Amino acid sequence: MPRTSARSPRSRAVWAGAAAVAVVAGALTVPLQAAQAAPAYNYAEALQKSMFFYQAQRSGDLPADYPVSWRGDSGMDDGKDVGKDLTGGWYDAGDHVKFGLPMAFTATMLAWGAIESPAGYTHAGQTDELRDNLRAVNDYFVKAHTAPNELYVQVGKGDDDHKWWGPAEVMTMARPSYKISASCPGSDAAAETAAAMASASIVFKSSDAAYSATLLTHAKQLYSFADTYRGKYSDCVTDAQSFYKSWSGYQDELVWGAYWLYKATGDATYLTKAESEYDKLSNENQTTTKSYKWTVAWDDKSYATYALLAMETGKQKYVDDANRWLDYWTVGVNGARVNHSPGGMAVLDSWGALRYAANTSFVALVYADWLTDTTRKARYHDFGVRQINYALGDNPRKASYVVGFGANPPENPHHRTAHGSWLDSLKDPAETRHVLYGALVGGPGTANDAYTDDRGDYVANEVATDYNAGFTSALAYLTAEYGGTPLAGFPTAETPDQDEFFVEAKLNQPQSGAFTEVKAIIRNRSAFPARSLTNASIRYWFTLDEGVPASSLSVSPNYSECGSQPAAIKHASGSLYYAEVSCAGQNIHPGGQSQHRREIQFRVQGTLQWNATNDPSFDGLPATGDPVKTKGITLHEGGTLLWGTVPDGSVDPTPTPTATPTPTPTPTPTPTPTETMNPIIATPQDVRLVAAGDELRLTWTKPTIGADVTAYQTQLDDEPVQSTQNTWYNRLDLAPGEHTIRVRSQASEGTSGWVVRTVSIPAAGEWPTTVPVPTNVRFMIDMTGFVGQFLWDAPAGEPQVVAFESAVVGSNGSVNPNRGTATSRTLSGTPLGVYTLHLRSVAADGSVSPWVTKTVLFPPSSTPSPTPTVTTTPSSCVVAYSANSWSTGFTASVKLRNTGTAPLTWNLTFDLPAGQKVQQGWSATWSQTGTTVTATGAAWNATLAPGASVDLGFNGSHTGQNTAPTSFAVNGATCAAG
């Protein structure tokens, strides 16, 4: 029975005023669901809020009246690295990468839902919002399709993006653009994008025919590209492999894309294409039965095509495949069924389990509407309703899994911009600052109905555009079927939860009759939306006493984290003046401990005595203790007042300079008017703030350029400057709160500029930790089956390890990455060669441990044969090693120099003979097996020119003895000591 003759009128329903009327072939039928009882949940409200979620995910240029009040422009430089405009689209999840494959899948699912249930959107008052969301993502696809056989499929580098926890509006990391082309194809991504644009062209055909035609043109070109140049996109864009690898390949997208082009064009050749490619879809192992033990998701659309082609053609083979798949989800097939929790949730996989149930539910609802088999019709429909209701609150917890909807909804989704941290911290602030309405979280990861609302649990509390894809379309279906009422006046603008910009200050020294010296800190905690300050300045307001001429005064910044900036005394009105110190050109943004703040220490001084106690900005400044918030010192961004009270009531007085601006001296925490920085003295290098045991250490390395550095100066907060010849600074007694630690180089010619680091010590006195590495990494061989296994143990300690990332790299160039909870990797059926396991731990907040490696020869030969050897070229190299030790830890510095006549691509090995353990390192990839330590060059320093050197280092632990290594080797050749 073809779809056109057996389709329920529900899917083509339209609202006419207050009454729902179904239209089939132009004839009016009965009012839509007139006899239905009130819905179990307010599906219209849930649909309304799911539209909000997609608005919250938008990248690029946003209008001033944007519905999500806490979102602003972001990703405005996307594509500039390749000379293209790739702004717009959706951020994938709680991160800020734009992954094209799941984005296009989501767009296709939303369009499908709009095609199936337009009445749902009409009833919920969300038709305009739907079209706006679909236009935003398809506009991006149009930009990304830069040539008939070229498509940009990713913007942003996954690992680099995930290292930072902050709002999208103030990102500073590089965002590379990745494309597929005829020479580096990606049939899956191209065909999926074709499906997205073809299905959207159907949605827009009646409201914007020109736009619909544009989308269809792109869709046709993209499908031809996908079909002609075949390949998996993640084989081309290797950065995607750790995030959205195309596990299922591209066959499903070839069927899916052809189907949607058929629906958009009416061209039967596309339907023929879909059917011919269908037969090549995957089967269950060692059978001719189409796969049925998974479901439609961003990677595999096969299951949806079962139902679509069944409804389109009525052919029994498609009906059988669709029935078998949905039976597996409901009653089971051959005794096997998707796990169901006691509360009724269908749990396919631990990661984002609710999204799989929701995707399946949408297809089940649509397919059930077409079926004439009354048993299956009721079974699949009821399953769809049950799963969506579970997510909305019909579960043992009686709690919603949709942010901002229903009873006891999640409040802490794993979402950077919604969280609104200004400290690059998943845990600070404790409360999520924005409500990410409509976002479906991953939910229970096993069939036990258990869930904790923990921002750090990205398995249960992740949100993503593809999570809401089938869920949203199912909500539209249920709204059309059962009704509901959208919220009036939604959304309302959020108001800031605290001062977004402010100044803290204190007196650096007790007030003197000839000067006033102030320490001021600018802070940016903005999130409504987050903004960067790039032209900031502060103004210290004072009044001139009688007989004190303005020309006798000056302002001199003694220390400024804003660098060399002009400072001046300016006249406001009457006897009111202000000292203005600029931070222009700085990027003060809510992106980290140092990034969100700038400290300035300045002195207003004169040749005559005056009384500072009656100055407006002086009032309330403490002479001891920490700086406090003060509105007496105003903060400005260009001509806009952001914080504080201007004494004469004006917002931005027009300044009249009365003194020549004084250039800001080089920062010096202890004011010494005659002290200056010598420009030929380089600052300390590789400055790091690290923790080991209960000690906090600042470490650095000696600069290799400029004047010969003989010592260093350090300063903690406002304490006196200390001199040292060590390359580390150690403290045990820091009080809770924020602290600033500085270091600079000292030579006979003078001193360098300061290098500044900040750290926030929690009240509990806990120190920062690193993710522990996997332990007891080993390799075992089953000689009977020539099967090898890499094995390892989950490490103890905090933070808790929840998963492992690994890659097995073969000597033939093969790479096999994986991420999961298993503690083993198997080698079987592989050619003879050398295989290296690269392995690291993953914590709940997404942070990772250093990599560890293990290399083996596999498989063993069944008959004696020469053992393959790695040929090494003798290297001329010199290694210098030194270590600074304390009670249970140490910092090691390693200098490797190429003394040969040819470039050296290095791999350094040495033994730590006293059982020391490498904790973390820099300037190389560090690993340790037993006592052997391996350091492999980073991309920027892996090859040394003749005569060149590289400085490495690591932090380690010991149990009382820290015996230095006695020999070093590079690529197997021993290096000289030096």
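Quick note: numbers below take in every heavy atom, side chains included, and nothing from hydrogens, waters or symmetry partners. Since the structure is predicted, the reported quantities are computational estimates derived from the model, not experimental observations.
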**Report entry** Cation-pi geometry met for Lys263 and Trp260 (6.0 Å, 45°)
**Finding:**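 Verdict for Trp260: no cation-pi partner in Lys263.
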Parallel, tilted or perpendicular: which describes the rings of [X] and [Y], with under 30° parallel and over 60° perpendicular?
{"X": "Tyr482", "Y": "Tyr43", "result": "tilted"}
{"X": "His415", "Y": "Trp70", "result": "perpendicular"}
{"X": "Trp90", "Y": "Tyr54", "result": "tilted"}

Please identify which of these residues, [options], meets the side chain to side chain contact (heavy atoms under 4.5 Å, CB included) condition with [X].
{"X": "Val363", "options": "Trp325, Tyr303, Tyr306", "result": "Trp325"}
{"X": "Val155", "options": "Tyr178, Phe99, Tyr140", "result": "Tyr140"}
{"X": "Val68", "options": "Tyr437, Phe53, Phe52", "result": "Phe52"}

**Report entry** Check: Trp256 ring centre within less than 6.0 Å of Tyr259 ring centre
**Finding:** no
Report task. Report yes if the distance between the aromatic ring centroids of His145 and Phe225 is under 6.0 Å, otherwise no. Result -> no
So do [Y] and [X] actually touch side chain to side chain, heavy atoms under 4.5 Å?
{"X": "Pro410", "Y": "Asp453", "value": "yes"}
{"X": "Asp252", "Y": "Thr305", "value": "no"}
{"X": "Ser246", "Y": "Asp299", "value": "yes"}
{"X": "Leu254", "Y": "Tyr223", "value": "yes"}
{"X": "Ser177", "Y": "Lys84", "value": "no"}
{"X": "Phe383", "Y": "Leu326", "value": "no"}
{"X": "Trp298", "Y": "Thr465", "value": "no"}
{"X": "Asp394", "Y": "Tyr41", "value": "yes"}

Report task. Output yes when Glu494 and Arg433 qualify as a salt bridge under the 4.0 Å nitrogen-oxygen rule, no when they do not. Result -> no
**Report entry** Heavy-atom neighbours of Lys143 NZ exceed 12 at 6.0 Å
**Finding:** yes
Query raised in the report: Checking ring-ring contact (aromatic ring centres under 6.0 Å, His included) for the pair Phe362/Trp112: CA distance, chi angles, key distance, verdict?
Result: CA-CA 10 Å; Phe362 168 60; Trp112 183 10; 4.9 Å; yes
Query raised in the report: So Glu411 and Arg455, salt bridge (charged side-chain N to carboxylate O under 4.0 Å, His left out) or not? Walk me through it.
Result: CA-CA 9 Å; Glu411 295 181 351; Arg455 185 183 306 113; over 6 Å; no
Report task. Any chance you could lay out the salt bridge (charged side-chain N to carboxylate O under 4.0 Å, His left out) test for Asp132 and Arg58, step after step, and finish with the verdict? Result -> CA-CA 11 Å; Asp132 188 51; Arg58 196 173 300 180; 3.1 Å; yes
Requested in this report: Rounded to the nearest 0.5 Å, what's the gap from OH on Tyr477 to CD on Glu116? Could you check?
Outcome: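 Interatomic distance, Tyr477 OH to Glu116 CD, rounded to 0.5 Å: 9.0 Å.
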Report task. For Lys301 and Glu253, run salt bridge (charged side-chain N to carboxylate O under 4.0 Å, His left out): C-alpha distance rounded to whole Å, both residues' side-chain angles, the deciding distance at 0.1 Å, then the answer. Result -> CA-CA 7 Å; Lys301 296 87 187 181; Glu253 283 88 6; 2.7 Å; yes
Query raised in the report: Which residue pairs satisfy the side-chain hydrogen bond (donor to acceptor under 3.5 Å, both in side chains) criterion with at least one member in residues 353-365, sequence neighbours excluded?
Result: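 Only Thr295-Thr360, Arg355-Asp466 qualify under side-chain hydrogen bond (donor to acceptor under 3.5 Å, both in side chains).
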Would a distance-only check, ignoring hydrogens and angles, find a side-chain to backbone donor-acceptor pair under 3.5 Å from [X] to [Y]?
{"X": "Asp78", "Y": "Arg175", "answer": "no"}
{"X": "Glu150", "Y": "Lys179", "answer": "no"}
{"X": "Asp95", "Y": "Gly158", "answer": "no"}
{"X": "Ser74", "Y": "Glu169", "answer": "no"}

Report task. Check the pair Asp208, Arg135 against salt bridge (charged side-chain N to carboxylate O under 4.0 Å, His left out), reporting the backbone distance first and the verdict last. Result -> CA-CA 11 Å; Asp208 191 338; Arg135 187 180 290 270; 3.0 Å; yes
Report task. Kindly indicate, with the supporting measurements, whether the criterion side-chain hydrogen bond (donor to acceptor under 3.5 Å, both in side chains) is fulfilled by Asp92 and Tyr244. Result -> CA-CA 11 Å; Asp92 176 60; Tyr244 287 99; 2.7 Å; yes
